[in-house]
Amino acid sequence: MNGLEAIELMKQGSQVSDGEYVYKIENNLVLVRSLNGKLFNIDNSFDFTSEYEEYIEPKPLTGWERVDGKMYNVIVVNDL
């Protein structure tokens with residue numbers, strides 16, 4: 001989507017990304033952070049000519065995720 005479409009999507013509460021940065025609108029200001037960053041800063045140079053896509057925050061890993069196609073062995077101990 002182009003910059004104008006990205007602004008409209010951000011007005012609805014979504015975040016967008018250009019592949020390097022994540023953008024959102026809060027209090028009528030465009031905020032930006034790097035993909036790896038945590039804190040948003042005010043963006044004074046939003047590029048309306050760039051291509052954007054909706055950004056969905058990845059879920060944090062818990063360590064209990066399954067690997068596709070793998071079998072798991074479970075040891076069950078019953079102390080009853």
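These numbers come from the heavy atoms of this one structure, side chains and all, not from hydrogens, waters or symmetry mates.
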Interatomic distance, Phe40 atom CZ to Glu26 atom CD [nearest 0.5 angstrom]: 8.5 Å
Give, for atom CZ of Arg33 and atom OG of Ser17, the distance between the pair rounded to the nearest 0.5 Å.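 Rounded to the nearest 0.5 Å, the CZ-OG separation comes out at 8.5 Å.
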Under the rule for side chain to side chain contact (heavy atoms under 4.5 Å, CB included), what residues qualify as partners of [X], not counting sequence neighbours?
{"X": "Ile56", "value": "none"}
{"X": "Ser45", "value": "Asp43"}
{"X": "Val77", "value": "Ile75, Asp79"}

Apart from Val32 itself, what residues make up its hydrophobic cluster, given side-chain heavy atom links below 4.5 Å? Met1, Leu4, Ile7, Leu9, Met10, Val16, Tyr21, Tyr23, Ile25, Val30, Phe46, Phe48, Tyr52
What pairs of residues pass the salt bridge (charged side-chain N to carboxylate O under 4.0 Å, His left out) test when at least one of them lies in residues 3-15, not counting sequence neighbours? Glu8-Lys11
Would you tell me whether Thr49 and Asp47 have side-chain atoms, one donor and one acceptor, within less than 3.5 Å of each other? yes
Using side-chain hydrogen bond (donor to acceptor under 3.5 Å, both in side chains) as the criterion, list what pairs up with Ser14, not counting sequence neighbours. Glu54
Can you check whether Leu35 reaches Val22 side chain to side chain, under 4.5 Å on heavy atoms?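 Yes, their side chains come closer than 4.5 Å.
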Apply side chain to side chain contact (heavy atoms under 4.5 Å, CB included) to residues Asn41 and Leu31 and explain how you reach the verdict. CA-CA 5 Å; Asn41 296 309; Leu31 304 177; over 6 Å; no
